[in-house]
Student: 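Before anything else, here's the structure in question.
Source: prediction; values computed, not measured.
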Amino acid sequence: MSLKKLNTVLAAVVVLFTLYLGLSFVLPLGTTFPGLANWPSDGSGFSIVKGSREIAMGLTMGILLVTGHRRPLGWVLLMVAVAPFGDMVNVLAHHGSTAAALGIHGLTAALIAVTGLLLLRETSKARKAPKATAPAPAAQPA
């Protein structure tokens, strides 16, 4: 499998999972918050804010993937990796499960960051490839 196909599959998985996660927080599907010892109550708005954030990130990545803007997608994936990292820090700071913090949020952040770096590497190689230049026109006598 070529690097481009692998990157496309990884990016599509990240996009679809992010959209699924966002919808699961916004729609009443009985979502829990992995790793937190005390879940915020349903009336707090926490799940709506978290879900809206996930949906916005998923749509941004999805649009860049579908339109073929691979280098910007790589940068956005690196930026998006900050969100699960922040979730990991949040779980650890609020005395949640260390295993869930590192195993769920930490690995998610790492997967997203690696996918972004792979996309940047792929597009970096494409940018450095020598472009074919047309031969210069012959000089015309005056």
Student: Hydrophobic clustering (ILVMFWY, side-chain heavy atoms < 4.5 Å, transitive) - are Leu59 and Leu65 grouped together?
Tutor: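 Yes, it is one cluster - the side chains of Leu65 and Leu59 are joined through contacts under 4.5 Å.
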Student: OG1 of Thr8 to CG of Leu119: how many Å apart, nearest 0.5 Å?
Tutor: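 Reported to 0.5 Å precision, the distance equals 7.0 Å.
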Student: Can Val114 be reached from Leu111 by stepping across I, L, V, M, F, W or Y side chains whose heavy atoms are under 4.5 Å apart?
Tutor: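 Yes, same cluster.
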Student: Can any side-chain N or O of Arg70 pair as donor or acceptor with the backbone N or O of Lys4 at less than 3.5 Å?
Tutor: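 At least one qualifying donor-acceptor pair exists.
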Student: Look at the side-chain heavy atoms of Ile, Leu, Val, Met, Phe, Trp and Tyr, link any pair under 4.5 Å apart, and say whether Val91 and Val82 land in one connected group.
Tutor: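 No, separate clusters.
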Student: Locate the shortest heavy-atom distance separating Ala101 from Met88; write the atom from each residue and the value.
Tutor: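 Looking at all heavy atoms of both residues, the closest pair is O-CG, 3.2 Å.
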Student: Can you measure from CG (Leu92) to CG (Leu102) and round to the nearest 0.5 angstrom?
Tutor: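 Interatomic distance, Leu92 CG to Leu102 CG, rounded to 0.5 Å: 6.0 Å.
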Student: Establish whether Val49 and Ile55 are linked, either directly or via other cluster members, by ILVMFWY side-chain heavy-atom contacts under 4.5 Å.
Tutor: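 No, because Val49 and Ile55 fall into different hydrophobic clusters, even though each may have its own neighbours under 4.5 Å.
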Student: Among residues two or more places apart or on two chains, list those pairs meeting salt bridge (Lys or Arg N to Asp or Glu O under 4.0 Å) that have a residue in residues 73-101.
Tutor: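 Every salt bridge (Lys or Arg N to Asp or Glu O under 4.0 Å) pair that includes a residue of residues 73-101, provided the two are not neighbours, is Lys50-Asp87, Arg53-Asp87.
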Student: Do you know the tightest heavy-atom contact between Met61 and Leu73?
Tutor: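 Smallest interatomic distance, heavy atoms only, reads O-CD1, 3.6 Å.
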Student: Search all heavy atoms of Ala100 against all heavy atoms of Ser97 and return the closest pair with its distance.
Tutor: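 Heavy atoms only, the tightest pair is N-OG, 3.1 Å.
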Student: For Ala11 and Thr115, work out which heavy atoms get closest and say how close.
Tutor: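 Minimum heavy-atom separation between Ala11 and Thr115: N-CG2, 3.8 Å.
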Student: For residues Ala109 and Phe85, report the shortest heavy-atom separation together with the two atoms involved.
Tutor: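 Where Ala109 meets Phe85 most closely, the heavy atoms are CB-N, 3.8 Å.
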Student: Is there a donor-acceptor pair closer than 3.5 Å between any side-chain N or O of Asn7 and the backbone N or O of Leu3?
Tutor: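 Indeed, once roles are kept as given, a pair shorter than 3.5 Å links the two residues.
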Student: Between Ser124 and Arg71, do the side chains contain an N or O donor and an N or O acceptor separated by less than 3.5 Å?
Tutor: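 On atom types as modelled, these side chains do not qualify, holding no pair under 3.5 Å.
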Student: According to side-chain contact (heavy atoms from CB on, under 4.5 Å), who are the partners of Leu78, at least two apart in sequence or on a separate chain?
Tutor: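 Testing Leu78 for side-chain contact (heavy atoms from CB on, under 4.5 Å), a comparison that skips the adjacent residues, returns Trp75, Ala113, Leu117, Leu120.
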Student: My understanding is that only one of Leu19, Val26, Leu21 makes a side-chain contact (heavy atoms from CB on, under 4.5 Å) with Glu54; could you say which?
Tutor: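 In the set Leu19, Val26, Leu21, the residue that makes a side-chain contact (heavy atoms from CB on, under 4.5 Å) with Glu54 is Leu21.
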Student: Please round to the nearest 0.5 Å and tell me the distance separating atom CG of Leu107 and atom CD1 of Ile104.
Tutor: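 Separation between the atoms: 9.5 Å.
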